[in-house]
Each structure stands twice: as structure tokens, then as C-alpha cells.
Amino acid sequence: MKEVRTRFAPSPTGYLHIGGLRTALYAFLYAKKNGGKFILRIEDTDRERYVPGSVEIIYSTLKDAGLVYDEGPDVGGDYGPYIQSERKNAYLEYAKQLVDNGSAYYCFCTKERLEELHNNGATKYDKHCASLSKEEVQMRLARGDSYVIRQNIPLTGSTTYTDMVFGDITVENKELEDNILIKSDGMPTYNFANVVDDHLMGINYVIRGVEYLSSTPKYNLMYDGLGWERPRYIHLQPIMRDATHKLSKRYGDASYEDFIKKGYLKEAIVNYIALLGWSSKDNTEKFSLAELVDKFDLSGVSHSPSIFDEQKMKYINSLYVKEMSEDDFHDYALKFYQNYDYLSGLDLRYLSSLLHSRVEVFTDVGRLTEFLTAFEGFDLSLFNNAKWKTDCNVAKAMLPGLVELTEKSFDNLHDALIVYGEANGYKKGQVLWIYRIALTGAQSTPGGAVEMAVLLGKDESLRRLNESLSRL
Ligand code: GLU
């Protein structure tokens, strides 16, 4: 069997978004599952959409996510160059072959004629130049007339191919247009370049978005016209933001980098996007990249669009967060702690131990530690607790004693609080409630009274307890 060769062929138009990364992931998985090669090709012929820096983002995102490509612009390979604009000399020769055997033709139509055609209601090019005589074409070429090369689609019949996800796809030839293959500046269009490049790079499995499903018959006619073997195709349904809108950067939907910034782990991002359009036979949902390579199969690829669900992604992320060692969690969390000045001076390692079981994504650090900034002037009604029958009066009665024991027994706070309760006729829950509220001024905190005191340290704890007392 021939070696499986798949490719990811992004256009460098900005950040790598989730849909693009999903295509790359499936192409990677299919190649690796079959012991083949995964290739990166940059499709940059559309200079107007080119965004400087985006090629580097593509390289770094794929590598960071673990989708290591075997061949590509920055890693080399036997089929380079892997940047389309550096291949521009290759295309014309093949377009001319198609002209020679009648599968394409020179078109000299002016912009004005095409506009007129359009204004008169034509929905596609009318094959005007397909019938020019050989002599006329030669004469106009010799004269230096501006031209494009168009594909010559048969007017009758139909073209069929088998998509490995969607099954047989048949398109009536009359539905297809004689698209431009070579533009007047000599550059190929995407429609032509993808065929030539895929063939020359030995790509035998083309995995890409479903928007290309119905153009693929045109591409197949080009393969046939050039006497090349058609590749197999796997088209992927889009990822939706909701029932009617595609996930799209136009709507500000997030890129890989955005998710990293939001505190998602790369393993979790890859895991979640694998599930956007594929499910495993046993319905498991948590997979490492290696497990995905092992489990991925085309029978699990969905025929319908998938909906991006950030809650689900968070949940998947939380599974990975929980699996981190204390050290790894702390190291990763440090980057996020830096965003909050009020955390400086705290025992951050201790904070990490409190947050580890509570963080779903690392930006939760903000929400979970916000209470630290809300102490000054907190609402005293927080002392009211129906279950423990506490209120401001109970707090006022307790606090002098609580301050005293904090001074004397900070290192043994838990036991000291219990003893204090027993000696003064309070239930444990009452003491702990009053202590925690007086210390934090917050309804909920990522830990109990003693943990909050340890986090704040003795001095800050005393300052806060005294402050609360002074307000009662
Ligand atoms: N450059 C095309 C895109 O970004 C690639 C399509 C394909 O994979 O053939 O949509």
C-alpha cells in the first residue's frame, strides 16, 4: 500500500482558529493512524488576504499543539517549496497541458465584457473564448493580449466521486463554471494550485472543509485532464457557534492563542476540538493526542455540523487541570497570578493548593481570588447565618476573643478555634463562620476559615479581624 500523505493547507490570514486547527488535527490523526506523513503547505497566493506574521503563528500553533508536521516550509522535505507563492513557476506548464488536450482554454475577455455579462444576468462565464480558433489564440498571445486560462468543463454529463465521509457525490457538469486557473498576472488561483500542489506533493488523502465538497468534481476533472490519479477526499462539516452561525473569526470567535490566554491547557484544547466532528465508538471523551491517533477512525466523523460548546470545553479542561501535579499546577498558575497585583505578598504556593481543585480554566484565578479585594467596607449582614444563628451581635461578642487567640495561637489556629468555641458555649460552625467572614468579608471563599487565615498570614489576618471589629 502507498504511504498515506495528508496535508494542512492554511492561508496565512491571521490567527489559527479552531476550525482550521480541527482540520489540521484530523489530517494529522489520519496520517499518523496509518503510519503516514502529515505535511504543511502555506497557501499564500491571495496577497490581499495575507496578514504579516500569520505564517509564524501557524508554525508555532501546530507545534505547540503537538501536530508536528513531517514536511513544511520551516522543516523542509522532498517536495518543497512548501509555500505556494514560491512555486508559481510550476503552474503555467500544467495549465498549458490542459489547454493542449482541450481541458482548458485561453480567455481574453475584458473586464468590461465580463461585467456586461454579469449585468445581463449571467450567473457564470459563457465559454465565449472556448471556441476561439487555434490561430486566433496564437495571434493574440503573440500580440501580447492580456489573458487568463480557464478550465473547460463539459456542458453535459456529470462527475461523481466518493467522499470518505459523505459517500457518493455527483454534480451535473452544467452546474460547474469554467473557473480561472491562471490569472492575468500569471499566478494560479486556489482552484488550480491546490490540484497541482496536492499531486506534486504526493498527497493522496485530501482532508478539508465541506465548503470544497461541491468544487471537488472540478478538481477531479483537472486530475483526469492531466492524467493524474485522483486523491481520496474527506470533507468536514463546519463547527457552529449556534444553530445558524458558523464559528468564524468574523464574529470574534477565539483562536488557539486566545484559548491559551484564557487559561486552557493545550492538551485539553486538542482533546476538545477532536470531539467537534468526531466521536469514538466507545463514547469516551478524554483522549491524549497519542490516544486520539490510536482511536481516530473515519466512521466516527460526523455528517452534521457540530456546535462549539465552551462549557464542555471548560469541563474537559478541568479534567486535565485536576490531573496536574501540585508543582505543575503552581508553575502554570504563576503566569495568571501575575495579572493580579493584590496577590503579591501572599503565599502563592499555598494559594495554588487551595485553587487546584477549584480551577476549571486558569482565568478562574481572578474570580476565585476576587474576594481578596472586596474586604474593605464589606456588607456586615454577611455575619447573618440562619443555620448557625449568627449575626452582627454574635460577631461583636466573639471577635475580641478571636483576635486574642489569633495573636497567641496562629500556628495552631484550628485547635484554638475549637477550644474557644467549647469554652464560650459556641458551636464549631458558629465560630468558623464568624471568623471567616470577619477575615474575608466574602460569602464564599476557596477554603475555610483556617485556610483563609493561613493564606493571608498572621499580620494581615489580625489587621482584618481588628478592622471588622471596629466596624461592629
Ligand atoms: N487554503 C485553503 C483554505 O485555507 C485550503 C483548502 C484546502 O485544504 O484545500 O481554506
Side-chain angles (χ1 to χ4, degrees), residues 4-31 36-51 53-59 61-62 67 69 71-73 79 81-88 91 151 161 163-166 169 179-181 183 187-223 228 230-239 246-250 253 255-256 273 277 298 301 305:
V4 169
R5 288 175 62 83
T6 67
R7 80 330 188 245
F8 177 48
S11 301
T13 55
Y15 285 97
L16 193 43
H17 280 253
I18 291 308
L21 193 62
R22 197 257 325 242
T23 305
L25 174 63
Y26 287 13
F28 170 86
L29 294 176
Y30 193 74
K37 295 265 162 38
F38 171 57
I39 289 115
L40 174 66
R41 177 173 77 230
I42 301 293
E43 301 207 326
D44 62 343
T45 48
D46 188 349
R47 300 312 285 181
E48 277 162 29
R49 291 174 61 221
Y50 179 78
V51 175
S54 46
V55 174
E56 287 67 30
I57 291 172
I58 292 167
Y59 298 160
T61 304
L62 292 177
L67 310 186
Y69 37 95
E71 299 167 28
Y79 300 81
Y82 292 90
I83 296 199
Q84 222 160 40
S85 59
E86 292 172 15
R87 301 171 65 84
K88 54 178 177 256
Y91 305 105
Q151 187 174 10
Y161 73 101
D163 183 273
M164 291 172 79
V165 170
F166 290 93
I169 305 289
N179 286 131
I180 294 174
L181 306 182
K183 297 184 270 190
M187 286 289 258
T189 56
Y190 162 76
N191 284 328
F192 190 47
N194 90 88
V195 168
V196 176
D197 288 343
D198 281 341
H199 172 74
L200 295 181
M201 292 182 177
I203 304 300
N204 43 17
Y205 290 83
V206 169
I207 301 177
R208 63 182 164 210
V210 77
E211 60 272 26
Y212 296 100
L213 185 80
S214 60
S215 313
T216 295
K218 284 191 297 207
Y219 308 147
N220 282 333
L221 290 173
M222 295 182 215
Y223 280 96
W228 293 342
R230 297 176 178 186
R232 313 278 311 267
Y233 296 97
I234 296 155
H235 285 101
L236 306 174
Q237 284 281 20
I239 302 171
K246 265 200 201 181
L247 202 65
S248 143
K249 50 186 154 184
R250 239 178 301 160
D253 286 318
S255 65
Y256 178 82
I273 65 171
L298 292 180
V301 173

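Start at 1 and go down the list; that is how both ligands and their atoms are numbered.
With Asn204 contributing its side chain and Arg5 its backbone, the two residues share a donor-acceptor pair below 3.5 Å. Using a distance-only test at 3.5 Å, with no hydrogens or angles considered, a donor-acceptor pair links the side chain of Arg87 to the main chain of Pro81. Proximity of a side-chain donor or acceptor of Asp163 to a complementary backbone N or O of His235 within less than 3.5 Å is detected.
Looking from atom 5 (C) of ligand 1 to the surrounding protein, the closest heavy atom is Ala9 O, 3.1 Å.
Below 3.5 Å of separation, one finds an N or O of Glu43 facing an N or O of ligand 1. At under 3.5 Å, not a single nitrogen or oxygen of Pro10, backbone or side chain, sits near a nitrogen or oxygen of ligand 1. Taking only nitrogen or oxygen atoms, main chain and side chain alike, Arg7 reaches within less than 3.5 Å of ligand 1.
The part of Tyr212 lying near ligand 1 is the side chain, judged by heavy-atom distances below 4.0 Å.
Ligand-side atoms of ligand 1 in range of Arg208: 7 (C), 8 (O), 9 (O), range being under 4.0 angstrom from any heavy atom.
When the salt bridge (Lys or Arg N to Asp or Glu O under 4.0 Å) test is applied to Arg22, no partner is found at least two apart in sequence or on another chain.
In plain terms, the two heavy atoms of Pro73 and Tyr82 that are nearest each other are N-CB, 3.5 Å.
Around atom 6 (C) of ligand 1, the closest heavy atom drawn from Tyr219, Tyr233, Tyr190 belongs to Tyr190.
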### Task
Take Tyr91 and Asp197, measure what side-chain hydrogen bond (donor to acceptor under 3.5 Å, both in side chains) needs, and give me the verdict at the end.
CA-CA 9 Å; Tyr91 305 105; Asp197 288 343; 2.8 Å; yes
